[in-house]
Amino acid sequence: MEEEINKLIKQAEQLLEKKQYGDVIALLKDEILEKYKSSTLYRLRAMAHRIIHSVRGRGLTTDTKLKFKYINKAIRSDRKNPICYLERGNAWFNIRNFKKAIIDYTKALELKPDNSFAAGIHNNLGMVYYRLSDYDKAIEEHSISIDLRPKNPSAYSNRGSAFYLKGNYEKAIDDYTKAISIDKSKYNYLLADIDTLKEKLKTAKELEKANKTERDNKIQSFLNEIDNSIKSIQKIAQWDKETPVVHYTKLSVAEKIITYHKSKSEKIITNDDCKMRFYNVIYMNDPEEGNDILNYFKDKRIKECYESGRELKETNVYIGSFLPAKSHQDELLMWLTYGRDENKMEAAGCSLVLASSFFNKSTKNQYEYEFVIDSQTSGDHKITEQLMSVIYIDKIKRTFSNQGINKELKPVLNELEEQLGGLIKIRDGFRNKNNKKLSEGIDKAIFERLSEISHLFKSSDYSFENEVRVILYVPPDSVLIKSSNDNMSGYPRKLYVESSNEILPHLKKIYLGPKVQNPNHWSAYLDYEIRQRAKEKLEKENINVEYKVEISKSSCNFQ
């Protein structure tokens with residue numbers, strides 16, 4: 001029987017590694033579990049339900065109940081198995097019952113105190129306290145984890161995040177840098193966060209210098225609270241669905257991201273154009289973009305400070321816009337609004353359907369002892385491209401159109417408004433004392449922080465779109481920023497940052513707009529270029545890939 005159990009364990013672990021969670025559930029059906037009554041098999045079944053629940057999002061689901069059903073059976077089968085208590089702690093963590101997560105993590109520590117396991121548990125406990133906004137305790141737990149396992153980049157990254165929200169930007173930068181030095185391939189995405197922290201550190205030092213005569217210790221405290229609220233809003237808006245999205249664009253853009261940039265002699269120079277570009281928000285046409293959240297606040301001084309800060313600093317927000325593919329991949333209204341060509345002709349562009357794997361998630365489930373909350377990417381100078389649902393504001397009712405977030409979001413926004421109001425009160429006091437440097441420093445700090453979420457909100461007039469966005473705050477001196485080489489007579493080059501991943505491996509379908517001229521010619525050409533990329537991959541890297549991209553003309557009737 002032991003041999004049969006070990007075989008099932010190996011099969012289930014392999015399926016988990018491949019993210020085939022439904023297959024794990026099918027393999028470990030109830031009659032199998034009841035036959036063997038193995039604590040490990042119960043735990044693996046519970047793990048599959050936990051991960052499915054975390055992918056599907058918030059709320060009580062069937063998987064929520066099942067993950068506890070099976071992990072409780074696992075514990076009853078072996079009450080001295082520390083990994084089962086760890087798994088139940090992870091399950092509590094998933095549904096934000098942090099007090100019970102602490103109890104189970106602590107029990108796991110009591111049962112298996114060896115260094116490697118304990119380091120992972122202390123890292124988990126640090127994340128629990130981080131979520132409880134007890135950053136001192138989070139730092140303490142992550143520090144214990146680091147002492148027990150000094151080369152664990154996750155603990156440094158997590159402790160850096162706690163230092164960040166404590167307002168200790170220098171220590172946050174040090175920890176992020178250490179995480180990168182330990183595992184450059186997975187943690188180089190933190191370079192963008194380091195750039196942002198350096199800019200905040202610069203502003204903080206300017207405020208500290210200007211504040212020497214005033215000695216007001218409340219400024220940094222308010223800034224820390226504001227940072228915390230902004231992180232909470234971003235967390236609420238996360239779009240974690242494992243479903244495709246669509247991006248409407250020009251055909252010339254599709255050509256660039258599929259083909260390599262070539263010289264006149266047709267020699268390949270670079271494959272940079274195979275990545276998506278996220279452009280600075282200053283190029284957006286809608287003048288109201290970024291103002292909806294400012295208009296939502298009852299305290300009109302917030303908008304005044306934001307606009308004052310904008311005059312003192314550059315706009316450092318970069319955006320990528322997408323829509324759920326199921327409802328919007330070939331839609332007449334979207335062709336009219338977004339699917340234009342280079343000459344702004346409606347419905348003469350294309351739409352690109354992308355798998356969710358194109359985007360880097362800000363949460364990552366791992367099937368080891370630790371339950372890591374940070375994202376991981378590879379390569380130099382990467383960015384974290386988390387998709388977030390645009391939040392639609394009903395200006396009259398002052399509610400949000402998105403289902404299920406009103407209760408969660410309103411209290412956080414109310415707290416943010418109070419925190420901003422407290423900081424503005426201090427600023428107004430400095431204005432009355434003619435302390436211009438300190439007053440302007442607070443305006444800049446408010447602008448920096450609200451810029452991280454201002455383009456997350458739009459009027460409910462657009463709620464039918466259900467838009468999802470990548471919103472990146474990238475300081476002006478960041479190595480990530482590039483300028484376009486498009487020849488646009490009379491216009492300066494546009495600033496953009498590139499996606500971490502190439503598009504082609506994640507591209508599922510291309511729709512040619514209803515008014516595209518010679519669609520058969522375009523289809524044949526794009527298909528040829530896609531096959532060329534696969535051929536070059538084989539020749540250069542000895543990797544045999546088959547890019548499965550369907551190319552078809554829109555079925556919409558355009559008149």
Side-chain angles (χ1 to χ4, degrees), residues 239 241 243-258 276-292 317-355 358 387-395 401-402 455-471 484 486 488 491 494 496 503 507-523 525-526 549-559:
W239 200 78
K241 297 177 183 177
T243 53
V245 295
V246 62
H247 176 69
Y248 282 80
T249 188
K250 304 177 184 70
L251 266 170
S252 60
V253 172
E255 182 182 15
K256 283 179 182 175
I257 60 180
I258 290 170
M276 180 168 281
R277 294 178 179 181
F278 304 119
Y279 282 95
N280 194 295
V281 295
I282 60 174
Y283 309 120
M284 299 186 82
N285 295 324
D286 186 352
E288 285 302 306
E289 268 288 349
N291 286 327
D292 288 293
V317 180
Y318 293 76
I319 279 185
S321 178
F322 306 88
L323 302 166
K326 186 177 181 180
S327 53
H328 294 301
Q329 61 188 357
D330 182 21
E331 188 177 22
L332 186 57
L333 181 57
M334 297 303 127
W335 287 119
L336 294 172
T337 311
Y338 303 113
R340 304 185 180 192
D341 68 3
E342 291 71 14
N343 299 314
K344 297 187 177 181
M345 180 184 287
E346 295 172 338
C350 66
S351 70
L352 309 175
V353 179
L354 295 167
F358 173 70
L387 272 179
M388 291 190 284
S389 297
V390 169
I391 298 169
Y392 297 100
I393 300 175
D394 186 315
K395 297 174 185 176
S401 301
N402 310 56
H455 289 82
L456 186 56
F457 295 84
K458 287 180 73 171
S459 166
S460 57
D461 295 339
Y462 299 96
S463 61
F464 63 90
E465 293 179 351
N466 295 313
E467 184 183 355
V468 287
R469 285 181 168 179
V470 169
I471 302 175
S484 64
D486 300 331
M488 296 177 65
Y491 291 93
K494 289 185 176 181
Y496 68 93
I503 283 187
L507 185 59
K508 297 301 177 187
K509 193 164 185 176
I510 301 173
Y511 283 96
L512 304 174
K515 292 193 75 175
V516 168
Q517 298 294 313
N518 302 312
N520 291 337
H521 296 185
W522 271 105
S523 181
Y525 165 63
L526 292 173
V549 184
E550 182 183 345
I551 305 170
S552 62
K553 189 176 184 296
S554 168
S555 60
C556 293
N557 294 320
F558 186 91
Q559 294 180 357

(Q) Would you say that more than 12 heavy atoms from the other residues, nucleotides or ligands in this model lie under 6.0 Å from the CD of Q517, or not? (A) no

message = Quick check: do S459 and K395 have side-chain heavy atoms less than 4.5 Å from each other?
response = yes

d(S463 OG, I391 CD1) to nearest 0.5 Å is 13.0 Å

message = Between R469 and H455 (side chain of the first, backbone of the second, donor and acceptor by atom type, cut-off under 3.5 Å), is there such a pair?
response = yes

* Under the side chain to side chain donor-acceptor pair (under 3.5 Å) rule, what do R277 and Y279 come out as? Steps first, then yes or no, please. => CA-CA 6 Å; R277 294 178 179 181; Y279 282 95; 3.3 Å; yes

Separation between CD1 (I551) and CG (N520), nearest 0.5 Å, reads 11.5 Å

Around K250, counting heavy atoms of other residues, nucleotides and ligands shown, do more than 12 lie under 6.0 Å from its NZ?
no

If you define the side chain from C-beta out and look only at heavy atoms, does anything of I257 sit under 4.5 Å from L352?
yes

Side-chain touch V470/I319, heavy atoms, less than 4.5 angstrom
no

With a 4.5 Å heavy-atom cut-off, do L323 and V468 have their side chains touching?
no

One should read off an interatomic distance between L512 CG and K553 NZ, to the nearest 0.5 angstrom, of 8.0 Å

Rounded to the nearest 0.5 Å, the CD atom of E331 sits from the CZ atom of F464 at a distance of 8.0 Å

Residue pair V353 / I510, side-chain heavy-atom distance below 4.5 Å
no

Side-chain contact, heavy-atom cut-off 4.5 Å: F457 with N291?
no

Discussion item. Can you confirm whether more than 12 heavy atoms, excluding those of Y525, are under 6.0 Å from its OH atom?
Written reply: yes

Here the gap from W522 atom CH2 to L251 atom CG, rounded to the nearest 0.5 Å, amounts to 4.5 Å

The single option from E346, E465, H247 that satisfies side-chain hydrogen bond (donor to acceptor under 3.5 Å, both in side chains) with Y338 is E465

Determine whether K494 and Y283 satisfy the following criterion, side-chain contact (heavy atoms from CB on, under 4.5 Å), listing intermediate values before the conclusion.
CA-CA 8 Å; K494 289 185 176 181; Y283 309 120; 3.7 Å; yes

In sequence, state the C-alpha distance, the side-chain angles, and the governing distance for M276 and V253, and then conclude on side-chain contact (heavy atoms from CB on, under 4.5 Å).
CA-CA 9 Å; M276 180 168 281; V253 172; over 6 Å; no

Do K508 and E550 meet the salt-bridge criterion of a basic N to acidic O distance under 4.0 Å? no

- Any donor and acceptor pair, going by atom type alone, linking the side chain of S523 with main-chain N or O of P519 inside 3.5 Å? no

Axial cation check for Y392 ring with K458, 6.0 Å and 45° limits: no

### N/O donor-acceptor pair under 3.5 Å between D341 side chain and K344 backbone
yes

Between P244 and W239, the two heavy atoms sitting closest are O-CH2, 4.5 Å

**Q.** P324 side chain reached by T243 side chain, heavy atoms, under 4.5 Å
**A.** no

Test N280 against V317 for side-chain contact (heavy atoms from CB on, under 4.5 Å), laying out the working first. CA-CA 6 Å; N280 194 295; V317 180; 5.9 Å; no

Exercise for the section: Apply the test side-chain contact (heavy atoms from CB on, under 4.5 Å) to residues V390 and N466: give CA-CA distance (whole Å), side-chain angles for both, the deciding distance (0.1 Å), then the verdict. Expected result: CA-CA 7 Å; V390 169; N466 295 313; over 6 Å; no

When rounded to the nearest 0.5 Å, the distance separating CD1 of I471 from CZ of F278 is 11.5 Å

Query raised in the report: Taking atom types as modelled, is there a side-chain donor on Y511 or K509 under 3.5 Å from an acceptor on the other?
Result: yes

TODO: Determine whether the side chains of S554 and D330 contain a donor N or O and an acceptor N or O closer than 3.5 Å.
DONE: yes

So does Q329 get a backbone contact from the side chain of S351, meaning a donor-acceptor N/O pair under 3.5 Å?
yes

Check whether any side-chain heavy atom of M284 sits under 4.5 Å from a side-chain heavy atom of E289, and report yes or no. yes

